Protein chains: 2
Amino acid sequence: MALDHAILVSLLERPGSGYELARRFERSIGYFWTATHQQIYRVLKRMESDGWIDVREVPQQGRPDKKEYSVAALGRTALSEWLHQPIEPESVRHDLAVKIRGAAFDDPAALIREVERYRQVHNERLDHYLAGEVRDFTGPQAAHAPGPPDAGRELQHVVLRGGIAYERMTLAWLDDVLATLRGLASDR
Amino acid sequence: MALDHAILVSLLERPGSGYELARRFERSIGYFWTATHQQIYRVLKRMESDGWIDVREVPQQGRPDKKEYSVAALGRTALSEWLHQPIEPESVRHDLAVKIRGAAFDDPAALIREVERYRQVHNERLDHYLAGEVRDFTGPQAAHAPGPPDAGRELQHVVLRGGIAYERMTLAWLDDVLATLRGLASDR
DNA sequence: AGCCTCATGTAAAAAGTTACATGATTGG
DNA sequence: CCAATCATGTAACTTTTTACATGAGGCT
């Protein structure tokens, strides 16, 4: 039910088309909320007919026209209401943990390769986050720059730090997993 | 699509009824795969009619009879096949991160209470994990006990260690979040 | 000519959530 | 007597996933 709200936040940060949103959901927002373009277009349509968002047809040269969505007053209200509701416990779907426990009834050693590959994915994601942090949250306009602190920036940064902490924790755990799997493989 | 496999793993670890599975999904397995009893009963029915699992009616005294499910050969094959497929990237749904970024367009200070409550939930979960670790993975039958190392135990333990690492990371991050929110609140 | 990116969708199937429903026994 | 636990389900609805579909323009 919160894809609506994830889209609203993204549109508040910057108005955009369904296509652009879909791309954002492959990067920044996508790291803590996944959605495909089919979902996005459907939700956009519903939110538009509910008056939560406004559309503006933007003609473009050299590429198809697009519909740029932005958040309307009703959408802001809906988001605000949602923000004031209790945080719900995350619903987890952790394939790898199931596979690890399942490996006891199959071949634990066979998982090693896959876990190594998986580890690489997370390593790349960490690098990506760290590069983003340097790009967006260091330098002249950061920290103690003149003027009021930008709440949006600070909040985006703390979410990014969460992503970084998550990836580091995951990498350390995957090393633990690999050591355990290798231990089981060499014990026989 | 992997609820099937999560149930198969749980039934391999110990056969049980739909009700018992539902309870397990509130505890151990539930920490990395959520499911309600409605889902579970439906999947059990399907897997039974597909010959993946066997049923045995167990009459009980003082309580309703139950159907005890156990994994059949076909189910084992299906699980094995799944285990050999590539690990899929987790699909994340992280309400709190969306709310934090959304707070930039509302009142960041209003989130503080909720994050504190949320932190408590994770703190309790960490305690619960740690107690489980002491109960199940220390003591006489642990580590260098005589006999072959029990692969199942080791693998369950490494998954639990993942849960512990996750909770610790989350608690540290939530402290970071709280500090950030408080900083924004006092800055005005 | 063929593939990639931009851009927007429809349709069907699978999975997940929420509400409703029943009934026995045990403990306070 | 009332609430909780054990035990199993049905029905309706919402959400998510997967597959299909189209079309223009730029790049090699």
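Note that this is a predicted model, so its numbers are computed, not measured. Below, each value reflects all heavy atoms present in this structure, side chains not excepted, and no hydrogens, waters or symmetry copies. Below, chains carry the letters A, B, ... as their sequence lines are ordered, and counting in each starts from 1.
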> Between dT8(D) and Tyr41(B), is there an OP1 or OP2 to side-chain N/O distance shorter than 4.0 Å?
Replying inline: yes
>> Before you tell me yes or no, could you show the steps for Val121(B) and Tyr118(B) under side chain to side chain contact (heavy atoms under 4.5 Å, CB included), namely the whole-Å CA-CA distance, both residues' side-chain angles and the distance that decides it to 0.1 Å?
In response: CA-CA 5 Å; Val121(B) 172; Tyr118(B) 186 80; 5.6 Å; no
> When the nearest nucleotide of DNA chain D is assigned to Lys45(B) and to His37(A) on a heavy-atom basis, which residue is associated with the more 5' position?
Replying inline: Lys45(B)
>> Assess whether a salt bridge exists between Arg117(A) and Glu114(A), defined as any Lys/Arg side-chain N lying under 4.0 Å from an Asp/Glu carboxylate O.
In response: yes
> Can we say Lys66(B) and Glu20(B) salt-bridge, meaning some charged N sits less than 4.0 Å from an Asp/Glu carboxylate O?
Replying inline: yes
> To the nearest Å, how far apart are Gln38(B) CD and dT17(C) C1'?
Replying inline: 8 Å
> What integer distance in Å separates Glu88(B):CD from dT17(D):P?
Replying inline: 10 Å
> Counting side-chain heavy atoms from C-beta on, which of dC6(C), dG16(C), dA7(D) comes nearest to Leu3(B)?
Replying inline: dG16(C)
>> Strictly distance-based, threshold 3.5 Å: is any side-chain N or O of Arg101(A) a donor or acceptor partner for the main-chain N or O of Val9(B)?
In response: no
> Rounded to the Å, how far apart are Arg42(A) CZ and dA7(C) P?
Replying inline: 21 Å
> Got His94(B) and Tyr31(A) here, is their nearest side-chain heavy-atom distance under 4.5 Å?
Replying inline: no
> Mapping Arg63(B) and Ser91(B) onto DNA chain D by nearest heavy atom, which one lands closer to the 5' end?
Replying inline: Arg63(B)
>> If the cut-off is 4.0 Å, is Tyr19(A) near the phosphate of dC6(C), judged by side-chain N/O to OP1 or OP2?
In response: yes
>> Check this one for me: any side-chain N or O of Arg46(B) less than 4.0 Å away from OP1 or OP2 of dA15(C)?
In response: yes
> Starting at CD of Glu20(A) and ending at P of dT8(C), how long is that distance when rounded to a whole Å?
Replying inline: 8 Å
> Atom CZ of Arg93(B) and atom P of dT14(D): how far apart are they, to the nearest Å?
Replying inline: 18 Å
> Atom CD of Gln39(B) to atom C1' of dT8(D): distance rounded to whole Å?
Replying inline: 16 Å
> Between Glu68(B) (CD) and dC6(D) (P), how many Å, whole number?
Replying inline: 16 Å
>> From NZ of Lys67(B) over to C1' of dT8(D), roughly how many Å is that when rounded to an integer?
In response: 7 Å
> Which is true for Ser17(A) with a 4.0 Å heavy-atom rule: it touches a base, it touches only sugar-phosphate, or it touches nothing?
Replying inline: sugar-phosphate
